[in-house]
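No hydrogens, no waters, no symmetry mates; every other heavy atom, side chains included, goes into these values.
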Amino acid sequence: MTDSYFFSRTDLDRARTQRLVDDALNSADDGELYLEYAQSEAFVFDDNRLKTASFNVDQGFGLRAVLGESTGYAHASELSEAALKRAGAAVQAIKTGAGGMLSDGPARTNARLYPDDNPLDETPFEAKTKLLEEINDYARSKDPRVRQVSCSLTGEWSAIEIMRPGGEIIRDFRPLVRINVSVTAGEGDRQETGSYGAGGREGYAAFIAPDAWQGQVDEALRQALVNLQAEPAPAGEMEVVLGPGWTGVLLHEAVGHGLEGDFNRKETSAFAGRLGERVAAPGVTVIDDGTISGRRGSLTVDDEGTPTSRTVLIEDGILKGYLQDRLNARLMGMKATGNGRRESFAHNPMPRMTNTFMLGGDHDPEDILKTVKDGIYAVNFSGGQVDITSGKFVFNCTEAYRVQDGKVGAPIKNAALIGDGPSVLKQVSMIGNDFSLDPGVGVCGKAGQGVPVGVGQPTIKIDRLTVGGAAG
């Protein structure tokens, strides 16, 4: 029960709060009161010492009234009846004499995709700091070329309650943890960095077990040592093979955002008005699934109270659907898909991805690489940039290899992939049978809001893609 976070220790009374919500949203098409209580902690170990140990508590509410395309939104970190009354007066400004008919509330669900337990309470402070020290010592002992180690442990837990007009209440308790390791190795004047992390909506236990974190350190070190041997990347249009898992971030950025409902309702997406059309090569199926238990991007209900779902966006190359929050779904005459998300109580919800991925095919990854005459094999990415309207993107590879005559050769550095999402989807010629999701580290930004997400894909071959290379 969320009363202990929002009512029993504040001057808010549940019955009076409900009446205030009913009054504020009277004659609105939609809206809700979103209450949130959140705890977070972060530990950072760097340069052989604990540099950061923080704990934070945030609480507050966001009150939203929707009428037509207009939204009134007010928020405060003060949980009081006075603050709620001020917010109610503010959001009613959108009415200006107009009246709407309240939309039906979200469907109910009995799903529980993660435990209610607070992960911040399950492991003592001393154990967390000792873990980071052990990670540091282990990484430095693995290879004499290790020059720097940085590792971090973060945890969050939030309790939310959504109150709608008429007394409808939706509650959720959300855990989220992440561990990350970065290793810098050097030879002479040259040094390179590798990193790896993992996380999900569960407690720390699965990630801080020795076999789990040691594997992360080993992978981060492997990447750093590979990059020490990397040669300058080639440049030009060529064949590109993307590895499985985290490389799905390219799909997320270059394609996923373009399938969100707001961009399509406003016709600012390259996919607007194209439902039922071929937008990708045969065999390409793209899914957004917020119902995968324990995954970083999963939610039992979204931030409007709608149960998350498995939404087929592209099926065998044909555009089948968009990601919808309640507002855009209503205006487009479609069904909300459980993708209304917000960073916190201080933010308005909007359509966002959860776990977005391309399904696997039937090709062996080694067979895919053997078909490459002249190209690169990209295994890991760092950041990238994308233009939603056109789908044009630039992504930087943090681990990639030259491929010639079907043989994987030397690692390359400073490779950038340049293209546009709609074109790339049509250039996919082979899809591997090694589908995997990322290890649980994704954060998606949109309109100044960040939310946790998941990505994934199998090994895929793109017949033509521009590679930008730089010496050094």
When you measure from the side chain of [X] to the backbone N and O of [Y], does any donor-acceptor pair fall under 3.5 Å?
{"X": "Thr337", "Y": "Gln324", "answer": "yes"}
{"X": "Arg352", "Y": "Cys444", "answer": "yes"}
{"X": "Asn227", "Y": "Gln223", "answer": "yes"}

Decide, yes or no, whether a salt bridge links [X] with [Y] under the criterion of side-chain N to carboxylate O below 4.0 Å.
{"X": "Glu156", "Y": "Arg174", "answer": "no"}
{"X": "Arg222", "Y": "Asp143", "answer": "no"}
{"X": "Arg310", "Y": "Asp289", "answer": "yes"}
{"X": "Lys128", "Y": "Glu126", "answer": "no"}
{"X": "Glu32", "Y": "Arg342", "answer": "yes"}

Can you tell me which residue pairs pass the side-chain hydrogen bond (donor to acceptor under 3.5 Å, both in side chains) test with a partner in residues 359-371, sequence neighbours excluded?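 Listed once each, the pairs are Thr371-Lys461.
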Which atom names give the shortest non-hydrogen contact between [X] and [Y], and what distance separates them?
{"X": "Ala206", "Y": "Ala212", "value": "O-CB, 3.5 Å"}
{"X": "Ala378", "Y": "Ala400", "value": "CA-CB, 4.1 Å"}
{"X": "Glu304", "Y": "Arg326", "value": "OE1-N, 2.9 Å"}
{"X": "Ala416", "Y": "Asn396", "value": "CB-OD1, 3.8 Å"}
{"X": "Glu239", "Y": "Asp374", "value": "OE1-N, 3.1 Å"}
{"X": "Tyr322", "Y": "Arg274", "value": "OH-N, 3.7 Å"}

Tell me, with the steps shown, if Phe357 and Phe435 meet ring-ring contact (aromatic ring centres under 6.0 Å, His included). CA-CA 9 Å; Phe357 48 85; Phe435 167 80; 5.4 Å; yes
With a sphere of 6.0 Å drawn around [atom1] of [X], does it hold more than 12 non-hydrogen atoms of other residues, nucleotides or ligands?
{"X": "Arg9", "atom1": "CZ", "answer": "yes"}
{"X": "Lys51", "atom1": "NZ", "answer": "yes"}
{"X": "Lys392", "atom1": "NZ", "answer": "no"}
{"X": "Glu277", "atom1": "CD", "answer": "yes"}

Please identify each residue that fulfils side chain to side chain donor-acceptor pair (under 3.5 Å) with Glu36, with sequence neighbours left out.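 Glu36: no side chain to side chain donor-acceptor pair (under 3.5 Å) contacts found.
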If I take atom [atom1] from residue [X] and atom [atom2] from residue [Y], how far apart are they, to the nearest 0.5 angstrom?
{"X": "Gln216", "Y": "Asp211", "atom1": "CD", "atom2": "CG", "value": "10.5 Å"}
{"X": "Met350", "Y": "Leu323", "atom1": "CE", "atom2": "CG", "value": "13.5 Å"}
{"X": "Ser150", "Y": "Asn136", "atom1": "OG", "atom2": "CG", "value": "9.0 Å"}

For [X] and [Y], does a side-chain donor sit closer than 3.5 Å to a side-chain acceptor?
{"X": "Asn380", "Y": "Thr398", "value": "no"}
{"X": "Asn328", "Y": "Arg265", "value": "yes"}
{"X": "Thr193", "Y": "Thr184", "value": "yes"}
{"X": "Thr311", "Y": "Ser309", "value": "yes"}
{"X": "Asp288", "Y": "Asn339", "value": "yes"}
{"X": "Thr459", "Y": "Asp434", "value": "yes"}
{"X": "Arg140", "Y": "Asn48", "value": "yes"}
{"X": "Asn355", "Y": "Ser298", "value": "yes"}
{"X": "Asp58", "Y": "Asn56", "value": "yes"}

Using a 4.5 Å cut-off on heavy atoms from C-beta on, say whether the side chain of [Y] contacts that of [X].
{"X": "Leu437", "Y": "Arg295", "value": "yes"}
{"X": "Thr109", "Y": "Val301", "value": "yes"}
{"X": "Gln148", "Y": "Asp47", "value": "yes"}
{"X": "Glu192", "Y": "Lys413", "value": "yes"}
{"X": "Leu221", "Y": "Val146", "value": "yes"}
{"X": "Leu79", "Y": "Phe6", "value": "yes"}
{"X": "Leu425", "Y": "Leu251", "value": "yes"}
{"X": "Arg201", "Y": "Leu113", "value": "no"}

Show, in sequence, the C-alpha distance, side-chain angles and deciding distance for Ile412 and Ile376, and conclude whether the side-chain contact (heavy atoms from CB on, under 4.5 Å) test is met. CA-CA 9 Å; Ile412 55 176; Ile376 70 168; 3.7 Å; yes
Could you give me the CA-CA distance, side-chain angles and deciding distance for Val241 and Ile460, then say whether side-chain contact (heavy atoms from CB on, under 4.5 Å) is met? CA-CA 6 Å; Val241 174; Ile460 63 172; over 6 Å; no
Aromatic ring centroids of Phe345 and Tyr34 under 6.0 Å?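 Judged by ring-centre distance (under 6.0 Å), Phe345 and Tyr34 do not meet the cut-off.
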Pairs touching [range] that satisfy ring-ring contact (aromatic ring centres under 6.0 Å, His included), sequence neighbours left out:
{"range": "residues 214-255", "result": "His252-His257"}
{"range": "residues 189-221", "result": "Tyr138-Trp213"}
{"range": "residues 172-192", "result": "Trp157-Phe173"}

Partner set under side chain to side chain contact (heavy atoms under 4.5 Å, CB included) for Lys320, not counting sequence neighbours: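 Scan of Lys320 (side chain to side chain contact (heavy atoms under 4.5 Å, CB included), adjacent residues dropped) gives Val312, Glu315, Ile318.
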Check the pair Leu299, Arg341 against side-chain contact (heavy atoms from CB on, under 4.5 Å), reporting the backbone distance first and the verdict last. CA-CA 10 Å; Leu299 291 169; Arg341 305 189 64 187; 3.7 Å; yes
Would you check, one step at a time, whether the test side chain to side chain donor-acceptor pair (under 3.5 Å) holds for Thr247 with Gln457? CA-CA 7 Å; Thr247 56; Gln457 67 175 46; 3.2 Å; yes
Passes salt bridge (Lys or Arg N to Asp or Glu O under 4.0 Å), Asp262 versus Lys446? Steps please. CA-CA 12 Å; Asp262 48 355; Lys446 176 181 175 180; 2.9 Å; yes
Dump the intermediate steps for side-chain contact (heavy atoms from CB on, under 4.5 Å) on Ile418 and Leu465, then the final yes or no. CA-CA 7 Å; Ile418 305 167; Leu465 187 60; over 6 Å; no
